[in-house]
Amino acid sequence: MKVALERDWCIGAGNCALTAPAVFDQDPDDAVVVLLDESPPETERAAVEQAIGRCPAAVIRLLS
């Protein structure tokens, strides 16, 4: 699985970090998303897909 995101469009809602904390975090300075693992294991797929669905700015993409 491969994950990508567009940090410049992130609004810092934090839904991704709450939904998939092994893959996403928030920068403590500006709350913008931080991608912790761009190739997370398949065991994280459901959480990543939920994070994509809960992102109000639609900045996260699942590439594979």
Side-chain angles (χ1 to χ4, degrees):
M1 173 172 51
K2 186 88 169 172
V3 178
L5 57 83
E6 182 55 57
R7 282 182 47 95
D8 292 342
W9 298 345
C10 177
I11 62 172
N15 294 338
C16 57
L18 293 172
T19 305
V23 181
F24 306 103
D25 198 359
Q26 287 183 281
D27 187 305
D29 293 328
D30 58 11
V32 172
V33 64
V34 175
L35 183 57
L36 300 174
D37 187 354
E38 68 181 33
S39 299
E42 284 298 319
T43 55
E44 293 294 327
R45 180 176 289 273
V48 169
E49 289 176 347
Q50 287 180 356
I52 290 169
R54 293 179 179 168
C55 178
V59 302
I60 305 167
R61 292 180 290 134
L62 189 57
L63 302 177
S64 62

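By convention here, the first residue in the shown sequence is residue 1.
- Across Q26 and A31, no two heavy atoms sit closer than the pair NE2-O, 2.9 Å.
- One finds the CD1 atom of I60 at 12.0 Å from the CZ atom of R7 (value rounded to the nearest 0.5 Å).
- The two residues T19 and A47 come nearest to each other via the heavy atoms CG2-O, 3.5 Å.
- Looking only at side-chain heavy atoms (C-beta outward), V34 and F24 stay at 4.5 Å or farther from each other.
- Across every non-hydrogen atom of P56 and I11, the tightest pair is CG-CD1, 3.7 Å.
- Residue D25 holds its CG atom at 10.0 Å from CG of L18, rounded to the nearest 0.5 Å.
- M1 and P41 get closest at one heavy-atom pair: CE-O, 3.2 Å.
- When the side chains of ILVMFWY residues are joined at heavy-atom separations under 4.5 Å, either directly or via intervening members, V48 and L36 end up in two distinct hydrophobic clusters.
- Looking at V3 and L63, their side chains never come closer than 4.5 Å, going by heavy atoms from C-beta outward.
- Contact between V59 and C10 at its shortest, heavy atoms only, is CG1-N, 3.7 Å.
- No donor-acceptor distance shorter than 3.5 angstrom exists from the side chain of R54 to the backbone of C16, with no hydrogens or angles considered.
- Between the CG atom of N15 and the CD atom of Q50 there is a distance of 11.5 Å, given to the nearest 0.5 Å.
- Under the 4.5 Å side-chain contact rule for hydrophobic residues, L5 and W9 share a cluster.
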